[in-house]
Each structure stands twice: as structure tokens, then as C-alpha cells.
Amino acid sequence: MSSSTATPGRAEQRPRLSIVIPLYQEIDNVEPLLTRVHEGLAGYRGDWELICVDDGSRDGTGARLRTWAERLGSHVRVIQLRRNFGQTAAMQAGLDAARGELIATLDGDLQNDPADIPRLVDELLERDLDLLQGWRRRRQDDLLLRKIPSRLANALIGRVTGVALHDYGCSLKVYRAEVIREVRLLGEMHRFIPVWVAAVTAPERIGETEVRHQARQFGVSKYGISRTFRVLLDLLAAFFFLRFGARPGHFFGSIGIFFGVLGALMMTHLLVVKFVLGESIGQRPLLFTAILFLVVSIQFLTTGVLAELMTRTFYAAGEHTHHRIRWESDPEAAGWKES
């Protein structure tokens, strides 16, 4: 007899999964969210845990999460931050606490459907990806304030970074834990997670798939048209760190050399005019422009040297988070929801 008959279903077992959900001022969504997560993961063929991160809510979201965590079991863990640090910091706190081989993230506003997670896990494993990004193809949001700015931002991000995806803003993603842990999320980096992941793995190991999207039922959106401008600034930062994060001296040094060469050429021309042609150069605008270019060149070159020193100090000192935890479920008592 084949030995495979002795262990039926073992080949279908999925890796342990951690689900990370950051929440801010979502007290009315806590109960339906946790209910839908458990309903959506009921058929998951593996052990899983749920990590809810309260990002300094003042409406009682954290207290309600703790109440429901006690009712549901040790596989539901709660982390409360001391104040509102932002979605990126809350997501990083959850990623730090996650214990699974795979990690899924989604928003706490019930617009993402937790029932999509098992399918995303299967697809990530079948396609052998490190990150599978959700694509809200039929997005249930306002056209003018949400959809159009999002489409423009997605096109711009893909063009600038070279990582072409339809929907960077969808929080529903599944990662391999060993890959996402190579990325430290700071500032507003959650909008560009696929870009930062592409810095530690091959772009072809990043995929996307369609997911369901629903209109918000409870609470109010924390986003508006103003975030479009922040996206542009974040995109500039992402471009800089991806291209020059480990060698900032090359970025500032290239600009410094450019202005230095221009200033040197101008000065050479003025020297010829002064000593060969015998003309006065003291009142010429070109002289002041040349001096300005040389000063700018020195400033950029020294900035590049300082940036290199700071980069090396940062990597030597180790990684630090910018969020602070006020309370969290006892990690030693954490369990798994068994399949």
C-alpha cells in the first residue's frame, strides 16, 4: 500500500497564517469585523491567528477589541498603541507580533472581505509568490474623491518605480513572513509596500489578483482628497530610497559634480577673458553665477558625505520602530485557531 493513504489530507495543509488588522476609531466595526474574519477563515486548511492593532483610538475601539478577544479565544490578540501613530506604524506593530509563516493584512473598515484570504493564500502558494496584492477592480467608493485620484496615483507609481500594479492602495495582501520582515515600515510607507518589497525580492515574485470590495457601512473614512499630495511626496521618498537608500552620496554627489563642472567651465571662460583678452570681469553676472554654482557644488558634495555617514550609522545601530505600545495580549498565552 502507498504510504500516502496513511496521512490523508496532509498535502492540503496550509502554512500557519497571521492576519493583521490596524484599526482607528472603528468601534462599530469591531464585532462585525471579528465575526466575518472567523466566518471567512472557517474553511482555511491550516492554523491561524488574528492580531488587531488599535492605533490610539479614543472611541473605545481598544476596549471593545479586548472584550471580544477574551470571548473568542487566545488566537485573537490585541495590541494598543499609546497614541495615534498612523496606519503604517500600526501595521508594523502587527507584523512584528505575527508568528505565522504567511501574513495577511486588511483594513478594519469592513470594505475588504476576509473571505478572500484563503483564496489569496492558495494563489500565492500556487504561483510561488512572495507578495500577492489585492486589486479592487469593482471598487465601491466615490468616483471623484477616491477612484480617480487612486487611478492616477497607481499609474504614476508604476511608471516611476517600475512595479506595475493596478491597485497599490488595497490593504488586502498576503505575504511570506520572511520577506515582509525584511522591510521596515516607517512614515506613510504602507501605500508603497509592493515597491519596498521589490527592493528585497524579485519584482516577478509580486503578483495581484481581484478581490471583493464593499461600501463602508459604519464609521467614517479617514482619507480624503488631501492625501493625493502626500502620495506625491511619499512617491518621491520611495524613489529616492529605492535608488539611493544605501548610497545617498551618489545622489547628492552627482548633483554636486554637475554644478561643480558648470561653475568650473564658467570660471575657465572668465580666466581667459581676464588674462588673455585683458577685459574686466568684476561686474559680470557670469562671475557671480559661477561662484554660486561652485558653492552649491561644495554643499551638495558635503551633504552626500554626511548622508553616507548617517546611512552607515543607521545600519550599524540596528533597526528601531517609531511606535510605542501601551498594552498587548500576553504573547506567551497566544494560541492558534486550529483547522
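Nothing here was measured: the structure is a model prediction, and the numbers come from that model.
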Taking all atoms of both residues into account, what is the closest heavy-atom pair of [X] and [Y], and its distance?
X      : Y      : answer
Lys274 : Ile281 : CB-CD1, 4.1 Å
Gln133 : Pro194 : OE1-CG, 3.4 Å
Asn29  : Asp109 : ND2-CA, 3.7 Å
Gly100 : Ala177 : O-CB, 3.3 Å
Ile79  : Ala97  : CD1-CB, 3.6 Å
Ser74  : Ala333 : CB-O, 3.4 Å

- So Ile206 and Asp130, side-chain contact (heavy atoms from CB on, under 4.5 Å) or not? Walk me through it. CA-CA 6 Å; Ile206 300 174; Asp130 289 328; 5.8 Å; no
Could you measure the distance from the [atom1] atom of [X] to the [atom2] atom of [Y]? Nearest 0.5 Å is fine.
X      : Y      : atom1 : atom2 : answer
Leu120 : Leu17  : CG    : CG    : 10.5 Å
Leu270 : Phe275 : CG    : CZ    : 10.5 Å
Leu131 : Ile180 : CG    : CD1   : 7.0 Å
Met91  : Asp96  : CE    : CG    : 12.5 Å

- Task: Dump the intermediate steps for side-chain contact (heavy atoms from CB on, under 4.5 Å) on His269 and Val272, then the final yes or no.
- Result: CA-CA 5 Å; His269 169 73; Val272 172; 5.6 Å; no
Do [X] and [Y] share a hydrophobic cluster (ILVMFWY, side-chain heavy atoms under 4.5 Å, transitive)?
X      : Y      : answer
Leu301 : Ile255 : no
Trp135 : Leu129 : no
Leu265 : Phe300 : no
Trp336 : Val174 : no
Leu262 : Ile291 : yes

Short side-chain to backbone donor-acceptor contact, [X] and [Y], under 3.5 Å:
X      : Y      : value
Arg212 : Asn112 : no
Glu49  : Arg99  : yes
Thr201 : Val197 : no
Asn84  : Asp55  : yes
Glu39  : Ala115 : no
Thr61  : Glu26  : yes
Ser57  : Asp54  : no
Glu279 : Val273 : no
Ser297 : Gly256 : yes

May I ask you to test the [X]-[Y] pair for a side-chain heavy-atom distance under 4.5 Å?
X      : Y      : answer
Thr303 : Pro248 : no
Gln92  : Arg184 : yes
Leu294 : Met267 : yes
Leu33  : Thr35  : no
Leu106 : Ile19  : yes
Thr105 : Tyr175 : yes

- Geometric cation-pi criterion, Arg284 with Phe288: 6.0 Å, 45°: no
- Message: Taking the six-membered ring of Trp327 as reference, does the cationic atom of Arg82 (NZ for Lys, CZ for Arg) lie under 6.0 Å from its centre and within 45° of its axis?
- Response: no
Charged N to carboxylate O below 4.0 Å: is that the case for [X] and [Y]?
X      : Y      : answer
Asp59  : Arg64  : no
Arg119 : Glu123 : yes
Asp47  : Lys337 : no

- Item | Verdict with supporting geometry, Asp167 and Lys173, salt bridge (charged side-chain N to carboxylate O under 4.0 Å, His left out) | CA-CA 11 Å; Asp167 190 1; Lys173 304 176 177 70; over 6 Å; no
- Per side-chain contact (heavy atoms from CB on, under 4.5 Å), Leu172 is matched among Ile117, Asp113, Asp107 by Ile117
- Message: By the definition side-chain contact (heavy atoms from CB on, under 4.5 Å), identify the one residue from Val37, Val78, Leu72, Leu41 that meets it with Leu50.
- Response: Val37
- Message: Is the ring pair Phe293/Phe259 parallel, tilted or perpendicular, if the boundaries are 30 and 60 degrees?
- Response: perpendicular
- Query: Rest of the hydrophobic cluster containing Ile27 (Ile/Leu/Val/Met/Phe/Trp/Tyr, side-chain heavy atoms under 4.5 Å)?
  - Reply: none
- Between Trp48 and His38, ring centroids under 6.0 Å: yes
- Task: Mind running side-chain contact (heavy atoms from CB on, under 4.5 Å) on Arg176 and Asp128 for me, showing each step along the way?
- Result: CA-CA 10 Å; Arg176 292 187 189 270; Asp128 192 25; 3.4 Å; yes
- Task: Go through the steps for Ser171 and Gln87 under the test side-chain contact (heavy atoms from CB on, under 4.5 Å), then give the verdict.
- Result: CA-CA 10 Å; Ser171 295; Gln87 184 174 351; 3.5 Å; yes
- Message: When you compare the side chains of Arg136 and Gln111, does any donor N or O come within less than 3.5 Å of an acceptor on the partner?
- Response: no
- Message: Run the salt bridge (charged side-chain N to carboxylate O under 4.0 Å, His left out) test on Arg14 and Asp122 for me, step by step, so that the C-alpha distance in whole Å, both residues' side-chain angles and the decisive distance to 0.1 Å come before the verdict.
- Response: CA-CA 8 Å; Arg14 291 300 186 235; Asp122 290 342; 2.7 Å; yes
